[in-house]
A.B. asks: 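Shown below is the structure under consideration.
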Amino acid sequence: MLDWFRRLRGVAADEGPQRWVVVDVETSGFDPTKDGLISIGGVAMRSDGRVLPGEAIEIVCRQSTASSRENILVHGIGVQAQEQGVDPAEATRAFLDFVRASPIIAFHAPFDRGFLARAVKVFVNQPFDNPWLDLAELAPAVDPEAKLKSLDEWLARYSISVSVRHSAAADAFATGLLATRLLPRAWQQGVRDFASLQKMARQAKWLNA
């Protein structure tokens, strides 16, 4: 279909609310209004808590000017890869094609959502109103005794070992694995559908504010 970005083989078997997508982005900075979206990673999972590693996507977005050396050391996407990446408009459309109407999960979701929403507005100019769940808010809601903050801390908490970190695809997969450990705890509390998980996460955020 689209042959200029790395995509693992697999076609979605599920449509609608049963298919969720875990996403992560790598960027040149922290401000979506001025910093660049360098790469997008995503992996599908089912609402029963099963990650689908064969249904994943990773796109490097073309940069007019490569990010700083310090930034490259974080995500490992070099100057040549950035300059030869996918046209940002095509990358954004490919991401939307992959996600479709699926609910989206991310760790520190406002960060990822901010960069992706800006890309959709600038390059595609269409609504981007998929529901989002912030796993950084859900985690302390279902496991309050942990009192952890970072993704690395939560991965260690559940003995989740990942060979690669700080690439969009690898971090999306790691986040998906964490979700598989957290969801059963939510289910034990009677929370199963996506909207209820969002509500649970929001309430925990307000209580911990």
Side-chain angles (χ1 to χ4, degrees), residues 10-25 32 40-57 92-121 124-151 153-155 157-158 160 168-169 171-209:
V11 177
D14 293 336
E15 299 291 340
Q18 293 302 309
R19 179 185 186 262
W20 299 348
V21 174
V22 186
V23 304
D24 185 79
V25 300
I40 309 168
V43 62
M45 68 178 295
R46 293 174 56 96
S47 55
D48 61 7
R50 182 162 60 93
V51 176
L52 306 174
E55 190 181 334
I57 188 171
T92 304
R93 284 193 287 268
F95 167 72
L96 292 174
D97 178 66
F98 177 76
V99 173
R100 302 194 296 279
S102 300
I104 300 174
I105 299 173
F107 197 90
H108 293 313
F111 178 84
D112 304 83
R113 187 176 190 174
F115 277 90
L116 290 167
R118 179 173 181 264
V120 171
K121 179 176 178 61
V124 184
N125 194 28
Q126 73 176 52
F128 182 48
D129 51 8
N130 299 55
W132 283 71
L133 172 66
D134 189 351
L135 213 62
E137 294 178 358
L138 182 68
V142 300
D143 190 0
E145 65 271 19
K147 301 187 184 304
L148 303 175
K149 296 292 185 181
S150 71
L151 178 58
E153 289 175 320
W154 282 106
L155 294 175
R157 165 81 168 170
Y158 289 94
I160 299 171
D171 284 359
F173 183 65
T175 301
L177 293 179
L178 178 60
T180 67
R181 303 297 182 88
L182 296 174
L183 289 176
R185 286 176 171 261
W187 297 339
Q188 290 171 3
Q189 300 178 45
V191 179
R192 282 188 173 270
D193 63 88
F194 200 86
S196 297
L197 290 169
Q198 289 177 303
K199 181 178 179 181
M200 185 181 197
R202 285 194 300 268
Q203 289 175 338
K205 179 181 179 181
W206 294 332
L207 289 173
N208 295 326

A.B. asks: Determine yes or no for a side-chain-to-main-chain donor-acceptor pair under 3.5 angstrom, with Thr175 supplying the side chain and Phe107 the backbone.
C.D. replies: no
A.B. asks: Compare every heavy atom of Ala146 with every heavy atom of Trp154, then report the nearest pair and how far apart it is.
C.D. replies: CH2-CB, 3.5 Å
A.B. asks: Which distance, rounded to the nearest 0.5 Å, do you find between the CG of Asp24 and the CG of Leu151?
C.D. replies: 8.0 Å
A.B. asks: Under the side-chain contact (heavy atoms from CB on, under 4.5 Å) test, which residues partner Gln198, sequence neighbours left out?
C.D. replies: Pro131, Leu133, Phe194, Ala195, Arg202
A.B. asks: List for me each residue that meets side-chain contact (heavy atoms from CB on, under 4.5 Å) alongside Asn130, sequence neighbours excluded, and say none if there are none.
C.D. replies: Val99, Ile104, Phe128
A.B. asks: Rounded to the nearest 0.5 Å, what separates atom CE in Met45 from atom OG in Ser102?
C.D. replies: 11.5 Å
A.B. asks: Do you know the tightest heavy-atom contact between Leu148 and Glu153?
C.D. replies: CD1-O, 3.5 Å
A.B. asks: Considering all heavy atoms of both residues, which atom of His108 and which atom of Asp134 are nearest to each other, and what is their separation?
C.D. replies: N-OD1, 2.8 Å
A.B. asks: Drop me the distance from Leu178's CG to Leu138's CG, to the nearest 0.5 angstrom.
C.D. replies: 9.0 Å
A.B. asks: Less than 4.5 Å apart, any side-chain heavy atom of Trp132 and any of Val23?
C.D. replies: yes
A.B. asks: Can you list the residues that meet the side-chain hydrogen bond (donor to acceptor under 3.5 Å, both in side chains) rule with Asp143, with sequence neighbours excluded?
C.D. replies: Arg157, Tyr158
A.B. asks: Can you tell me how far apart CD1 (Ile160) and CZ (Phe173) are? Round to the nearest 0.5 Å.
C.D. replies: 9.5 Å
A.B. asks: For Arg192, what residues pass the side-chain hydrogen bond (donor to acceptor under 3.5 Å, both in side chains) criterion, not counting sequence neighbours?
C.D. replies: none
A.B. asks: So, taking the atom named OG1 in Thr180 and the one named CG in Asp48, what distance separates them when rounded to the nearest 0.5 Å?
C.D. replies: 11.0 Å
A.B. asks: Return the set of residues passing side-chain hydrogen bond (donor to acceptor under 3.5 Å, both in side chains) with Gln189 (not counting sequence neighbours), or none when no residue passes.
C.D. replies: none
A.B. asks: Which atom pairs, one a donor and one an acceptor, fall under 3.5 Å between side chains of residues 111-121 and the rest of the protein, sequence neighbours left out?
C.D. replies:
from   : atom 1 : to    : atom 2 : distance (Å)
Asp112 : OD2    : Val25 : N      : 3.0
Arg118 : NE     : Pro32 : O      : 3.0
Arg118 : NH1    : Pro32 : O      : 3.4

